[in-house]
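Letters go in sequence order (proteins before strands), and every chain restarts at 1.
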Amino acid sequence: MNDTSAPVEQVPGAADGPRYDFRAAEPKWQAAWSERACFQVADVPTDGKPKYYVLEMFPYPSGKIHMGHVRNYTLGDVVARYKRARGFSVMHPMGWDAFGLPAENAARERGIHPAEWTHANIATMKAELQRMGLSLDWAREFATCDPEYYQHQQKLFLDFLAAGLVERKESWVNWDPVDGTVLANEQVIDGKGWRSGAPVEKKQLSQWFFSITKYAAELLDVLGSMDRWPERVRLMQANWIGRSEGARLHFDLVPGKSKGAGIDKIEVYTTRPDTLYGMSFLAIAPEHPVAAAVAARDPAAAKFIAECRSMGTSEAVIETAEKHGYDTGLRVKHPFIEGATYPVWIANFVLMEYGTGAIFGCPGHDQRDLDFSRKYGLDVIPVVLPPGADPATFSIGKEAYVGPGTAYHSDFLNGLDVDAAKRAAIDALAAKGMGQGVTNWRLRDWGVSRQRYWGCPIPVIHCDSCGVVPVPAGQLPVRLPDDVTFDRPGNPLDHHPTWKHVDCPRCHEPARRETDTCDTFVDSAWYFARFCCASATDEPLVRAAVDHWMPVDQYIGGIEHAILHLLYSRFFTRAMKDTGHIGIDEPFAGLFTQGMVNHESYRAADGVWLYPEEVDKRPDGTVVQKTTGEPVIVGRIEAMSKSRRNTIDPGEIIARYGADTARWFILSDNPPDRDMEWTEAGAAGAFRFTQRVFRLAEGIGATVARPAEFGPNGRTLRRAAHKAIAAVTEALESFAFNVAVARLYELANAITDAERSGPEPGLDWARREAVEMLARLSAPMMPHLAEEVMALLNPGAAVLVADLPWPEPEADLLIAESVTIAIQIMGKLRGTIAMPPDATAASVIAAAEAEPHVARALEGKRIVKRVHVPNRIVNFVTAG
RNA sequence: GCGGGCGUGGCGGAACUGGUAGACGCGCGGGACUCAAAAUCCCGUUCCCGCAAGGGAGUGAGAGUUCGAUUCUCUCCGCCCGCACCA
């Protein structure tokens, strides 16, 4: 029963009369913009206009564009077109984040070369973006997988290396033994490789790192003044960087115990040096060198450490993991208390990666330490007294006390508040040479080595005699070889018969190329700067161009990049500045994070997911499967995903309704930073509006001379039009695109009202003006329709809306002829009156008291107070 | 647990610096046009009482400040997001 015939194109209104034919109009105007190169700008413009750089996060070429792209690029296009009309020289480029794992997966699964797969996807998606009618400067297009791009990235890498911003160090990685590759944290699912399913091993490898931690303080401090970034993104970055103030101090081991051979002290990091007198143990991470030293002589310790390691790394396991410890038998001396010693435990809750991998345990004032102490019967000594508590009776139960208070049981710290006690403790430690105050960071250096083919080759050579040797500038780019195979696991670059074998540039003996490629986040950490001088061949960046256009004035993309991409880009920009490539340090002056595009999901009775086009929504509200007529279970509204089959293909929407409809609906539905729901009814409503605008324009006659006087309907319409200019402008300035849409609906409604009013001198002129404003104000959102309407109004005129300045409202038309004033009695609305604007308080109050409803309600009451807010309200306060 | 955000009609949402709550759209109900349908247009649409005029309630709940609170303050409830044994 397969229906093989093509589905009939059902477009509302297609059957009837002259209609706006978007299928003809949209390509026509796209060609017109392209022919006139409306959206192209120079690397270093000489037009004297202020610059404005609009950028949306460039797409990964996965195959086709999705609704998230449509939303992202529509938002950016509204800004770009609006700012251009406001007189800015706008740069609005587009490119491709083209390196990445999906291309290699396609190669493995389907035998297609990653380059071929990527370029085919780019071609498809570029055509789709062009059909959206975006005001992009395509002359700046590049793909990060092009050697013309990544050669410059290699140059930047070498410059960073020379500047000490790149290091090679050993690090623990997630290693998939079957695929023979490193996995990112998010590619490890329940401790297994996401593709191979093999248990992931922790392995120490030599990796390349960008020294992002060198900029930790700067990256954090500047966040405070980035007022055009969303607050929550700044908070997320601040948390990620994770500054904490504390102290490093060491504890001397009690000598004589053979287990800790060769080690005489343990260093800890703490944020609570004021609680040192509450110490009852010291704990080290299972990976700590002292733990290893103990394990070497103590099989039980070795067993405990092994157990910790096998506990798994998934977050769920860690979260529920009970605290476990092993008493090493070692003891340490207290820094202040003569003769006091404490046990050294290996504890599973101590992290080797943070601080020094060792802590001192103060159970009275740290919940983890308390849990641990209760389990193993260690002492709990409170040393901070909460305000108002009685030192004789205050004790710790199941909850550690972490609030403010004064130190007690603490010798020289007694009586000091927490902050003063911290300072005093640090001073005392420093005086004894046992420790000092330090700032600690959660942020780690950025490991960029990936054992993959489809990425930017890291331009270094490993030589047995010379060590790591940078590839000489003259030998760049290090190109990826084309002839690679994906028939076995691991990195094809490593398997390649010849590619990695080169002579050392320094000693000319046989050596090996680095076969790791860069994390793809590197590619996107500087593309925004490259757009400014996309065709420069000799150097990564042309300073004059970059310094002109950067920073990006408005960057737009998904919240999912709140930390990694944006933080890496901020780091890279600083590193590029410090290596002399550019003159600025923050890449994105303004950031806007858009919400997701969601859709209902549908399942058949047997639980199989159904595509939206497989279901039929009946007028009675029931939803059935088209082929069977069986009822369908309507699921939650959630993010579009292939597995739930609740995706809407933008290509089909544009083919059916046109790009303007898609853009208009996506803007109108809700505020752009929230998740939206794509609905068929909403899209159809947007389409109806495009037709309505066109019909309004069709009703306008030939140009007439501007009359000297307007009748009442003409004046009303003109006020509506000019109020719309002001309101839409304000809405666009504040990213309230849904409000801008609402104001344009109101203008359309006002035009309809005027059409229905009787003939009146000057009304034709006012209608023409209003329709023109409707077109020009909607142009950032529906650019094709705006051009079509303007062409209809001005036959033969050669001007494009895209080249027109933004309309300015006439000031006197923004003042209402009369204002409605609400009248309240004791704050309750009792009536309204119409008054001339800025009428005197006395006249307004007199009119208010005379209003029949108000007069009746005031009868027999004594007015105690009359509140008058000009042009808004009158409120009578009564007594009795 | 820590940090942040959000609760407004059937739905998405609007509301300037505290001043007529529900703009605008979707949906729904009624009507016009039509042989009929589509399309289009018109009217209505927060809830309750009422034929109506009108009255009452109402922005998650409760309190407070104020002539007046969706807006400011406090307490509570619910939902969402980020981080998390970070010492």
Is there a side-chain contact between A:N239 and the phosphate of B:C86, meaning an N or O under 4.0 Å from OP1 or OP2? no
When all nucleic acid strands are considered with a 4.0 Å heavy-atom cut-off, which category describes A:V864: base, sugar-phosphate, or nothing? nothing
Counting Watson-Crick and G-U wobble pairs only, both distances under 3.5 Å, name the nucleotide matched with B:A53, or none. none
B:C42, OP1 or OP2 - any side-chain N/O from A:R756 closer than 4.0 Å? yes
For B:G13, take OP1 and OP2 only and decide whether either is under 4.0 Å from a side-chain N or O of A:R674. yes
Measuring from the side chain of A:D366 (C-beta onward, heavy atoms only), which nucleotide among B:A21, B:G4, B:A87 has the closest atom? B:A87
Classify A:N749 by what it touches in the nucleic acid, base, sugar-phosphate, or nothing, heavy-atom distance under 4.0 Å. sugar-phosphate
Spacing between A:R743 atom CZ and B:G13 atom C1', to the nearest angstrom: 11 Å
Return the nearest nucleotide to the side chain of A:N348; candidates are B:A23, B:C85, B:G13. B:C85
Nearest to the A:K828 side chain among B:A57, B:A87, B:C86, which nucleotide is it? B:A57
Among B:G13, B:A87, B:U20, the nucleotide that comes nearest once only the side chain of A:Y269 is considered: B:A87
Syn/anti label of B:G9 as read from its glycosidic torsion, with the cut at 90° from 0: syn
P atoms of B:U46 and B:A23, separation to the nearest Å: 8 Å
A:L351 side chain: which of B:G12, B:C86, B:G13 is closest? B:C86
Rounded to whole Å, CE of A:M781 lies from C1' of B:G25 at a distance of 14 Å
Say you pick atom P in B:A21 and the same atom in B:U70; how far apart are they, in whole Å? 8 Å
Is there a side-chain polar atom (N or O) of A:Y354 under 4.0 Å from OP1 or OP2 of B:A87? yes
So which nucleotide from B:G82, B:G12, B:G3 ends up closest to the side chain of A:L235? B:G3
From CG of A:D673 across to C1' of B:G13 the rounded distance in Å is 13 Å
Could you tell me which nucleotide pairs with B:C41 by Watson-Crick or G-U wobble geometry, both distances under 3.5 Å, or answer none if nothing does? B:G31
Mind checking the C1' distance from B:A14 to B:C49? Whole angstroms is fine. 29 Å
Check the side chains of A:N738 and A:D669 for a donor-acceptor pair under 3.5 angstrom, ignoring hydrogens and angles. no
In terms of side-chain heavy atoms of A:R19, which of B:U20, B:C24, B:A39 is nearest? B:A39
Check this for me: does the side-chain of A:R872 come within 3.5 Å of the base of B:C16 through a donor and an acceptor? yes
Where the side chain of A:Q824 is concerned, which of B:G19, B:C86, B:A87 is the nearest nucleotide? B:G19
Measuring to OP1 and OP2 of B:G68, would you say a side-chain N or O of A:K865 lies under 4.0 angstrom away? no
Are there over 12 heavy-atom neighbours, none belonging to A:E730, within less than 6.0 Å of that residue's CD? no
Just call it for A:T679: base, sugar-phosphate, or nothing, with non-hydrogen atoms closer than 4.0 Å on any strand. nothing
For B:G58, give the paired nucleotide (Watson-Crick: N1-N3 plus N6-O4 or O6-N4; G-U: N1-O2 and O6-N3; both under 3.5 Å), or none. none
Scanning all shown strands, the Watson-Crick or wobble mate of B:G1 with both distances under 3.5 Å is B:C83
My understanding is that a pair needs two contacts under 3.5 Å, Watson-Crick or G-U wobble. By that rule, which nucleotide pairs with B:U71? none
Ignoring hydrogens and geometry beyond distance, is a side-chain donor-acceptor pair present between A:S244 and A:Y269 at under 3.5 Å? yes
Does any donor atom in the side chain of A:E600 or A:Y602 lie under 3.5 Å from an acceptor atom in the other side chain? yes
Protein-nucleotide distance (A:I825, atom CD1; B:U20, atom C1'), rounded to Å: 14 Å
Report yes or no: is there a donor-acceptor pair, N or O only, under 3.5 Å between the side chain of A:R688 and the base of B:A39? no
Between B:A14 (P) and A:D669 (CG): distance, integer Å: 11 Å
Looking at every strand, decide which applies to A:T832 at a 4.0 Å heavy-atom threshold: base, sugar-phosphate, or nothing. base
May I have the distance from A:N670 (atom CG) to B:C6 (atom C1'), rounded to whole angstrom? 14 Å
Distance-only donor-acceptor check, side chains A:R570 and A:Q237, under 3.5 Å: yes
Tell me, yes or no, whether the heavy-atom count around A:R232 atom CZ, taken from other residues, nucleotides or ligands under 6.0 Å, exceeds 12. no
Just to be sure I understand the rule, does A:R692 reach a base, reach only the sugar-phosphate, or reach nothing, if contact means heavy atoms closer than 4.0 Å? sugar-phosphate
A:T439 and A:E245 side chains, donor-acceptor separation under 3.5 Å: yes
Note: for A:E730 and A:S668 on RNA chain B, the residue whose nearest nucleotide lies more 5' is A:S668
Could you state the CE-C1' distance from A:M826 to B:G68, rounded to the nearest angstrom? 10 Å
Please state how far atom CD in A:E680 lies from atom P in B:G27, giving the value in whole angstrom units. 11 Å
Is there a side-chain contact between A:R695 and the phosphate of B:C41, meaning an N or O under 4.0 Å from OP1 or OP2? yes
Could you check which of B:C85, B:A23, B:G19 has an atom nearest any side-chain atom of A:R368? B:C85
Answer yes or no: does a side-chain N or O of A:N875 lie under 4.0 Å from OP1 or OP2 of B:G68? no
Hey, is the side chain of A:R830 poking within less than 4.0 Å of OP1 or OP2 on B:G56, counting only N and O atoms? yes
Listed once per pair and sorted, the side-chain hydrogen bond (donor to acceptor under 3.5 Å, both in side chains) pairs that draw on residues 818-836 of chain A, sequence neighbours left out: none
Does the side chain of A:R442 get closer than 4.0 angstrom to OP1 or OP2 of B:A84 through an N or O atom? yes
Counting side-chain heavy atoms from C-beta on, which of B:C85, B:U20, B:A87 comes nearest to A:T270? B:A87
For B:C6, give its Watson-Crick or G-U wobble partner with both distances under 3.5 Å, or none. B:G78
Looking at A:T275, A:D274, A:T270, which one forms a side-chain hydrogen bond (donor to acceptor under 3.5 Å, both in side chains) with A:R272? A:D274
Need the pair for B:U65. Rule: Watson-Crick or G-U wobble, both distances under 3.5 Å, any strand; none if unpaired. none
